[in-house]
Peer 1: 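So that we are looking at the same thing, I have put the structure below in structure tokens.
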Protein chains: 2
Amino acid sequence: MLSLRQIEVFHAVMVSGSVSGAARMLNVSQPGLSRLIKYMEQRVGFRLFERRAGRLVATPEAHRLFMEVDLIYQRVGGLDQSIRRIAEGEGHELAVGASPSVGRSLVPRALAELSGTMPGTIARLEILPMNQVQDYLLAGAAEQVVTIFPFEHPLVESQFIGAGRLVCAFRPDHPLAGIADLTVADIAPHGIVAFEPGSPHAQVIESVFSDAGVKPRIAGKVRFAQTACALAESGLGVALVDAFTVMGKAFPDLAVRPLHGTSLFRVELHRHRHLAQSMAGARFAAALRGAMAQAAREDPAMLLAA
Amino acid sequence: MLSLRQIEVFHAVMVSGSVSGAARMLNVSQPGLSRLIKYMEQRVGFRLFERRAGRLVATPEAHRLFMEVDLIYQRVGGLDQSIRRIAEGEGHELAVGASPSVGRSLVPRALAELSGTMPGTIARLEILPMNQVQDYLLAGAAEQVVTIFPFEHPLVESQFIGAGRLVCAFRPDHPLAGIADLTVADIAPHGIVAFEPGSPHAQVIESVFSDAGVKPRIAGKVRFAQTACALAESGLGVALVDAFTVMGKAFPDLAVRPLHGTSLFRVELHRHRHLAQSMAGARFAAALRGAMAQAAREDPAMLLAA
DNA sequence: ATGGGGGCAGAACATGATGTTATGAGGAAC
DNA sequence: GTTCCTCATAACATCATGTTCTGCCCCCAT
């Protein structure tokens, strides 16, 4: 098969009309090209040029070959551009899934930073209920998924990003507002917003209360932490949620206090074990760690980076 | 720029799914390919494969690149076929011009032989009056031109192919039919068919007669030797034409005798000095010489190969 | 005609790409 | 655990491609 170099040199000779001209075009010395053309003629099996009057004259066969070669040459020339575009992630779509709490706080921050460093890349963020996380990942619908609960699957590779405490959120006029260091016992008398059994929040809350040996008073029941905060905002009771849900100024009308205890919400980044990571994916993971670290610096009482 | 080898190997790794598989496909050893892929990753600037569980997994970037590369690879693969077609002269049109006499005898034979060795090539034969020969060649309308008269032009390269004697053609019942070795003196008493002044035939006939010191009796006048023979065939007189016009069984009703004298019709093959020859053209030239030699063997009294 | 200049080709050599074999690490399957 | 498969590295061989020097040939201008 012809080498790309042969195609390149042949093209240059045809365009420039002489070996010397081609050598100048390609910034190499002339004798090498003379030899390469000779080899190329041996390979194709017919003369490409006649030596007439001390110069090269392309044969009709060379002209026919040139038409074919020119197409390839153009394409290969365009390849470098394609490579550059791919390297810049242009047009690449990074699909990320996240559970609701981090999906509204940490992950958007990481994606925003990513979008700064890779402007061509399109970020696609899907908020996933707990039971869809695995399917999303295994079906390849998302390259990575971020959750605030760990899980095990033989085809899923997970890494620990950071953790958030269980926090208490209530209206500033709530009786708890006066207490400095909240404990579970302090909360027990007041109505809380509970979660559907089986959800990560429900499990954490249950373990916290059972560790303290007290029973919670349940004033409401929701599926998502956002909803719990909404209820607390309207004065229904105390919301016990992960720190990510109330990160930043998400609920400015709520007072938030960490509940110091053993249980933490673990932020985990999950990837398909058998699928490779895109560059954008790698940067996203880094950005996520960065966002976690930044958040932990801003609020060390509630957040903890890996 | 990526080398064709890199494209080839990358392609093989992508379709086979592993470096080892690619090595088997390409019939080379595996370590070389590992290294080549490594270099290629350095060149493109992003990871093409992740090493997961001891195997290679293509990154999303690699998949994008593959789509581009596959197109090139297909084209380059098709190039070999194109080269073969070009080498076989398939679809190539060889344009040849010829003056009338050889254009009806020698040149068709040579083209017929050429068509045998290069079946894909299309022969285009144009019979040219003398005054168009140069223009045809210089305009590039024909790659080669065959004439029975020499001419000089700085842009035209000519080579001698062979020669034919001036021959006498007359009906078998003509008085000359009884004479064994015809001379100009023998013809002088009889009416001949003359040519337009300036034509090669007119020049040769004139020189032959003036060398012999006799004047011809002119019974008719024509432009082409074919016409002269036609007149002779109808009994108008004696046709004095080049041997090529009566080669083979062109005029079965005419008796033909060579006229021994100094003047010969020189068959010359002309090419543009600054244009290269096609393979078909080169073979045609050889076939023409072969046809000339063959004809000379068949009729040594009238024809002479170079 | 004659010398200068340009273009091509050959020789001799340097270097980098690409091939080889031997070997070891790591994971998967039995 | 053992075996097999896959990949990576090292050390080396070979070939393509680059270099410089040189000579030949043709054209052109003096």
Side-chain angles (χ1 to χ4, degrees), chain A residues 1-44 47-59 62 76 153-157 271-276, chain B residues 1-44 47-59 62 76 153-157 271-276:
Chain A
M1 196 186 288
L2 288 182
S3 76
L4 200 55
R5 185 61 179 158
Q6 287 173 321
I7 290 176
E8 197 177 8
V9 169
F10 173 63
H11 188 272
V13 173
M14 289 297 283
V15 169
S16 73
S18 71
V19 175
S20 310
R24 285 189 292 269
M25 276 178 63
L26 300 172
N27 286 315
V28 292
S29 63
Q30 163 266 321
L33 301 195
S34 280
R35 188 181 43 191
L36 184 142
I37 290 286
K38 193 176 69 175
Y39 293 162
M40 186 171 169
E41 286 184 328
Q42 291 172 1
R43 183 145 335 172
V44 299
R47 301 238 77 168
L48 293 169
F49 302 95
E50 271 182 32
R51 285 68 181 167
R52 303 182 77 87
R55 317 185 102 263
L56 291 192
V57 181
T59 62
V76 173
H153 189 285
L155 284 179
V156 174
E157 191 180 79
R271 305 204 296 112
H272 194 303
R273 193 177 286 278
H274 290 170
L275 292 183
Chain B
M1 196 186 287
L2 287 183
S3 77
L4 195 55
R5 185 60 178 160
Q6 287 173 321
I7 290 176
E8 196 177 7
V9 168
F10 173 63
H11 188 273
V13 172
M14 288 296 283
V15 299
S16 76
S18 72
V19 174
S20 311
R24 285 189 292 269
M25 276 178 64
L26 300 172
N27 287 314
V28 292
S29 63
Q30 164 266 321
L33 301 195
S34 279
R35 187 182 41 191
L36 184 142
I37 290 286
K38 194 175 68 177
Y39 293 164
M40 187 171 168
E41 286 184 328
Q42 291 173 1
R43 182 139 343 166
V44 299
R47 300 237 79 168
L48 293 169
F49 302 96
E50 270 182 32
R51 284 72 181 166
R52 301 183 80 87
R55 315 188 101 263
L56 290 193
V57 181
T59 62
V76 173
H153 189 284
L155 284 178
V156 174
E157 190 179 79
R271 304 204 295 113
H272 195 302
R273 192 177 288 275
H274 290 170
L275 293 182

Peer 1: Strictly under 4.0 angstrom, non-hydrogen atoms only: write out the protein contact profile of nucleotides 20-30 of chain D, one letter per nucleotide from the 5' end, B, S or -.
Peer 2: BB----SS---

Peer 1: Measure the shortest side-chain to side-chain distance between A:His274 and B:Val57 over non-hydrogen atoms and say whether it is less than 4.5 angstrom.
Peer 2: no

Peer 1: Within less than 4.0 Å of OP1 or OP2 of C:dG7, is there a side-chain N or O belonging to A:Ser18?
Peer 2: no

Peer 1: Which residues, if any, of residues 6-16 of chain A bring a heavy atom under 4.0 Å of DNA chain C?
Peer 2: none

Peer 1: At under 4.0 Å between heavy atoms, what does B:Arg5 touch on the DNA or RNA strands: base, sugar-phosphate, or nothing?
Peer 2: sugar-phosphate

Peer 1: Just the rounded figure in Å: distance from C1' of D:dT6 to CZ of B:Arg35.
Peer 2: 18 Å

Peer 1: Taking CD1 from B:Ile37 and P from C:dG19, how many angstroms apart are they, rounded to a whole number?
Peer 2: 12 Å

Peer 1: Under the rule for salt bridge (charged side-chain N to carboxylate O under 4.0 Å, His left out), what residues qualify as partners of A:Arg43, not counting sequence neighbours?
Peer 2: none

Peer 1: Can you pull the salt bridge (charged side-chain N to carboxylate O under 4.0 Å, His left out) pairs that have at least one residue in residues 5-18 of chain B, sequence neighbours excluded?
Peer 2: B:Arg5-B:Glu8

Peer 1: Angle between the two end axes of the helix from C:dA1-D:dT30 to C:dC30-D:dG1, five base pairs per end, rounded to 10 degrees?
Peer 2: 20°

Peer 1: Within the pair A:Ser3 and D:dA16, is there a side-chain N or O less than 4.0 Å away from OP1 or OP2?
Peer 2: no

Peer 1: Scan residues 9-29 of chain B for pairs that pass side-chain hydrogen bond (donor to acceptor under 3.5 Å, both in side chains), counting only residues two or more places apart or in two chains.
Peer 2: B:His11-B:Asp70

Peer 1: When the distance from CG of B:Leu4 to C1' of D:dA16 is rounded to whole Å, what number comes out?
Peer 2: 14 Å

Peer 1: How close do B:Ile37 and B:Phe49 get, counting heavy atoms only, and between which atoms?
Peer 2: CG2-CD1, 3.9 Å

Peer 1: Below 4.0 angstrom, N of the basic side chain to O of the carboxylate: do B:Glu41 and B:Arg51 qualify?
Peer 2: yes

Peer 1: Round to the nearest Å and state the distance from A:Leu33 atom CG to C:dC8 atom P.
Peer 2: 10 Å

Peer 1: Could you report the tightest heavy-atom contact between A:Met25 and A:Ala12, atom names first, then the distance?
Peer 2: SD-O, 4.0 Å

Peer 1: Taking the side chain of A:Arg51 as its heavy atoms from C-beta onward, which of C:dT18, C:dA9, D:dT19 lies nearest to it?
Peer 2: C:dA9

Peer 1: Rounded to whole angstrom units, what separation is found between the CG atom of A:Leu56 and the P atom of C:dA9?
Peer 2: 5 Å

Peer 1: What's the shortest heavy-atom distance between B:Met1 and B:Gln6, and which atoms?
Peer 2: O-OE1, 4.4 Å

